[in-house]
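All residue numbers refer to positions in the sequence shown, counting from 1. Note that the structure is a prediction, hence the values are computed from the model and not measured. What's counted below: heavy atoms across the whole structure, side chains too, no hydrogens, waters or symmetry copies.
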Amino acid sequence: MRALVFAAGTVVPAVPVAADLDATEHAIVAWVDTQARDVEALIEQLVNINSGTMNHAGVRAVGDILGPELAELGFAVEWIDLPAESNRAGHLFARRAGDRGEKVLLIGHLDTVFERDDPFQTFVREGDWARGPGTEDMKGGNVVILYALGALAAVGALDGAQIVVAYSGDEESHGDPLAISRRDLIEAGQWADVALEFESAIRDDEAEWATIARRSSSSWQLEVRGKQAHSSQIFGDEFGAGAIYEAARILTAFYTELRGEPYLTFNAGAIVGGTDVDYDSEETRGAAFGKSNVIPSHAIVDGDIRTLSDEQLARTRAAMRAIVAESLPHTEASISFEDGYPAMAPTDGNRRLQQMLSDVNVALGREAMPALDPSRRGAADISFVAPYADSLAGLGPYGEGGHSHDERVDLTSLPLVIKRAAILIYRLTR
């Protein structure tokens, strides 16, 4: 255990007195200020374990580090295996029973988008920042959860609190069916009064932002067939345009006809086309063979859609189907859709949490936190519980470059966000 419990006689450095903090909250601030080295060391340890979603052993290894830490804080820890057909590692849950305050669900995830064969694998410190897979999304946030709870335990404020910690193992690419892979999370959301999610926080020159809404994320796959023939016959009456031109027509129409609606985005993330196409939807990998003098007969495109409501999603899917149906000569195309992450809509309950978080930030000597534009965030696991519990997202550290080889976290932001989370949880559970 990395000194997550306040030992008797521990001496902590003096800290500036902030307005509107009670004695317990001042003690939380003081304890967090003693933990910076251990916080960074734990993030480095977790980042250096590859836990791409499909690396089940790596996902489990991250859970094997966090689980014992939570157990030392008095949580009942459980690894939840998923059925073999889901092809996912499973989830880490931890529960602490109590009888005081609101019931709080804390949400993180163990996996990253970087699989074992990705060259981006290690934690590298760069001054006050650290670069590495999962530094921002979201091993930094996982550690914030742990140390926020450690702060509460250190000052005697964890006893009596009703808290569930949920670390999913497949947030970046969920297992199917969703009814199974998200069952335990949804049940925890139905139990909770409040859900707090710890993906990275967002700030800019204007403000530090509170996330009270997130857009949905679902997928689509376009498959196009055409007539294979010598390229000298392309565009003719007998063989038509070929599969790749038809795929290009459809994608161009998506872009020109559907782009621009508020909170709607749709991305074409992978495309393969030619005379011989092999595509693995599970791994989102493919290969294609074709020749410049042969009209291609097959093309596949994978993409996603993000919306702020179910109505917007249904309307967008209908428009995409209509575009696909307008085939070029001697081609045929079909589009299929798969449900994924629902939207987290802005609600009065979420705005209540925003105000509470903003009040904590002000009490820590900072500025008020307005609500973030939902178009600036992607989907996340909190969306599955938002229909049942007041919800607030983006409570992790500040960072940038998520899902890219430029992903990094601002190490100097960690004490702030741990204090902010710990005091918010304290106020909710009193």
Closest heavy-atom contact between [X] and [Y]?
X: V104; Y: W191; result: O-CZ3, 3.7 Å
X: I28; Y: A422; result: CG2-CB, 3.7 Å
X: S181; Y: D170; result: CB-OD2, 3.7 Å
X: Q354; Y: A210; result: CG-CB, 3.7 Å

Using the side-chain hydrogen bond (donor to acceptor under 3.5 Å, both in side chains) rule, take S173 and R88 through it: C-alpha gap first, then chi angles, then the decisive distance, then the call.
CA-CA 9 Å; S173 178; R88 295 296 185 271; 3.1 Å; yes

Between [X] and [Y], is there a donor-acceptor pair closer than 3.5 Å when you use the side chain of the first and the backbone of the second?
X: E126; Y: R131; answer: no
X: R430; Y: A157; answer: no
X: R125; Y: E44; answer: no
X: T53; Y: D111; answer: no
X: Q312; Y: P262; answer: yes
X: W129; Y: D410; answer: no
X: R249; Y: I323; answer: yes
X: Q121; Y: E115; answer: yes
X: E136; Y: S200; answer: no

Among R183, H56, H91, whose side chain to side chain contact (heavy atoms under 4.5 Å, CB included) with L82 holds?
H91

Residues [X] and [Y]: side-chain donor-acceptor under 3.5 angstrom:
X: D359; Y: Q355; result: yes
X: S413; Y: R203; result: no
X: H298; Y: E223; result: yes

[Y]/[X] salt bridge by N-O under 4.0 Å criterion:
X: R377; Y: E197; value: no
X: E25; Y: R427; value: yes
X: E102; Y: R352; value: yes
X: D159; Y: R100; value: no
X: D64; Y: R60; value: yes

Worked verdict on Y279 versus D302 for side chain to side chain contact (heavy atoms under 4.5 Å, CB included)
CA-CA 10 Å; Y279 187 72; D302 247 359; 2.7 Å; yes

Distance in Å, [X] [atom1] paired with [Y] [atom2], rounded so as to fall on 0.5 Å steps:
X: E78; Y: L92; atom1: CD; atom2: CG; answer: 9.0 Å
X: E208; Y: L357; atom1: CD; atom2: CG; answer: 9.0 Å
X: T135; Y: L46; atom1: OG1; atom2: CG; answer: 11.5 Å

Any side-chain heavy-atom pair of [X] and [Y] under 4.5 Å:
X: L395; Y: L106; value: no
X: I107; Y: L185; value: yes
X: V360; Y: M356; value: no
X: V164; Y: F75; value: no
X: D348; Y: R351; value: yes
X: T112; Y: K139; value: yes

Taking the inter-plane angle between the rings of F114 and H405 on a 0 to 90° scale, is it parallel (under 30°), tilted (30 to 60°) or perpendicular (over 60°)?
tilted

Start with the C-alpha gap between R215 and D304, add the side-chain angles, then the distance that decides, and say whether salt bridge (Lys or Arg N to Asp or Glu O under 4.0 Å) holds.
CA-CA 12 Å; R215 293 182 298 159; D304 77 352; over 6 Å; no

